[in-house]
Amino acid sequence: MGKLLKSRGLKGELWMTVFNEVDSALRIGMKIWVASENGEFSIQIIESFKITEKKSWIKFEGCQNREDADNLLGLNFSIPRSDFTPLDGNEFYLVDIIGSTVLDEDRKIIGSVIDMMSLPAQNLIVVETNEKEVLIPFVDAHVSLFDKKKNILIVKDVEGLIS
């Protein structure tokens with residue numbers, strides 16, 4: 001869902017980036033999961049936050065000073081899938097793609113999606129093939145179909161990326 005960047009002031013607030021600025025689904029009182037560097041999760045409760053195009057910030061209950069905030073710097077946070085904003089029709093979240101089988105246009109199996117990466121320029125699909133992991137830009141030039149029901153992702157024009 002996002003990443004905690006650095007302390008904001010002296011009262012335990014943190015600058016953050018939210019991967020989905022359009023609709024973050026965050027709300028005051030919500031429990032979110034914060035992943036530590038060793039892969040363990042802690043639960044934080046949102047006391048206040050503000051999301052803007054340029055700079056967004058968040059404050060957690062019990063995070064009262066800069067030192068408390070500094071303990072969370074650089075960590076990613078997420079929310080349970082049940083708290084996601086409901087979608088219409090054929091819409092999907094990027095996380096829905098993880099675990100899907102990746103096929104080429106001839107329906108030959110390339111591999112499976114093991115992760116998604118959100119970068120400023122574009123989102124990338126991390127695909128595990130038999131030999132290696134490859135990154136495929138999640139753009140119309142390379143992705144022709146994601147079938148949520150069949151859990152398949154059909155990609156095109158990726159010969160140079162895969163080989």
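Below, all heavy atoms of this structure are taken into account, side chains as well, without hydrogens, waters or symmetry copies. None of the values given here were measured: they were computed from a predicted structure.
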Exercise for the section: Any pair with a residue in residues 96-116 that passes side-chain hydrogen bond (donor to acceptor under 3.5 Å, both in side chains), sequence neighbours left out, goes on the list, sorted by first then second residue, please. Expected result: Arg81-Asp96
Practice task
Could you walk me through whether Leu14 and Leu5 pass side chain to side chain contact (heavy atoms under 4.5 Å, CB included), step by step?
Solution key: CA-CA 7 Å; Leu14 292 136; Leu5 302 175; over 6 Å; no
Exercise for the section: Return the set of residues passing salt bridge (charged side-chain N to carboxylate O under 4.0 Å, His left out) with Lys3 (not counting sequence neighbours), or none when no residue passes. Expected result: none
Practice task
For residues Phe92 and Ile97, report the shortest heavy-atom separation together with the two atoms involved.
Solution key: CE1-CD1, 3.5 Å
Completion exercise
Rounded to the nearest 0.5 Å, the CG atom of Leu72 sits from the OG atom of Ser42 at a distance of 6.5 Å
Handout entry: All side-chain hydrogen bond (donor to acceptor under 3.5 Å, both in side chains) counterparts of Glu13, not counting sequence neighbours
Key = Arg8
Practice task
Give the minimum heavy-atom separation between Phe146 and Ile152, together with the two atoms involved.
Solution key: CD1-O, 3.4 Å
Exercise for the section: Evaluate the criterion side chain to side chain contact (heavy atoms under 4.5 Å, CB included) for residue pair Leu103 and Val155; output intermediate values, then yes/no. Expected result: CA-CA 6 Å; Leu103 307 173; Val155 296; over 6 Å; no
Completion exercise
Residues at least two apart in sequence or cross-chain that pass side chain to side chain contact (heavy atoms under 4.5 Å, CB included) with Pro80, listed by chain then number, are Trp33, Ser82, Asp83
Practice task
Kindly indicate whether the side chain of Trp15, heavy atoms from C-beta on, has any atom under 4.5 Å from the side chain of Lys55.
Solution key: yes
Exercise for the section: Kindly give the heavy-atom pair with the smallest separation between Asp147 and Lys150, and that separation in Å. Expected result: OD1-N, 3.0 Å
Problem - With sequence neighbours excluded, residues passing salt bridge (charged side-chain N to carboxylate O under 4.0 Å, His left out) with Lys156 - result: none
Completion exercise
SG (Cys63) and CD1 (Ile45) are apart, to the nearest 0.5 Å, by 12.5 Å
Fill in the blank from the handout: Interatomic distance, CG@Asp140 vs NE2@His142, rounded to 0.5 Å, equals 10.5 Å
Handout entry: Beyond-backbone contact of Leu124 with Phe138, side-chain heavy atoms, under 4.5 angstrom
Key = no
Fill in the blank from the handout: dist Ile136:CD1 -> Met117:CE (nearest 0.5 Å) comes out at 13.0 Å
Completion exercise
Smallest heavy-atom separation, Ile114 atom then Glu133 atom, equals CD1-OE2, 3.3 Å
Completion exercise
Hits for salt bridge (charged side-chain N to carboxylate O under 4.0 Å, His left out) against Glu47, two or more places apart or cross-chain, chain-then-number order -> Lys59
Practice task
Determine whether Leu4 and Phe60 make a side-chain contact, defined as any pair of heavy atoms from C-beta on separated by less than 4.5 Å.
Solution key: yes
Practice task
Give, for atom CG of Asn130 and atom CD1 of Ile110, the distance between the pair rounded to the nearest 0.5 Å.
Solution key: 11.0 Å
Exercise for the section: For the pair Ser7 (side chain) and Gly9 (backbone), establish whether a donor and an acceptor sit closer than 3.5 Å, ignoring hydrogens and angles. Expected result: no
Handout entry: Heavy-atom side-chain contact between Leu135 and Ile125 under 4.5 Å
Key = no
Problem - Side-chain heavy atoms of Ile51 within contact of Trp57, under 4.5 Å - result: no
Fill in the blank from the handout: Output for pair (Gln64 CD, Leu10 CG), nearest 0.5 Å, gives 13.0 Å
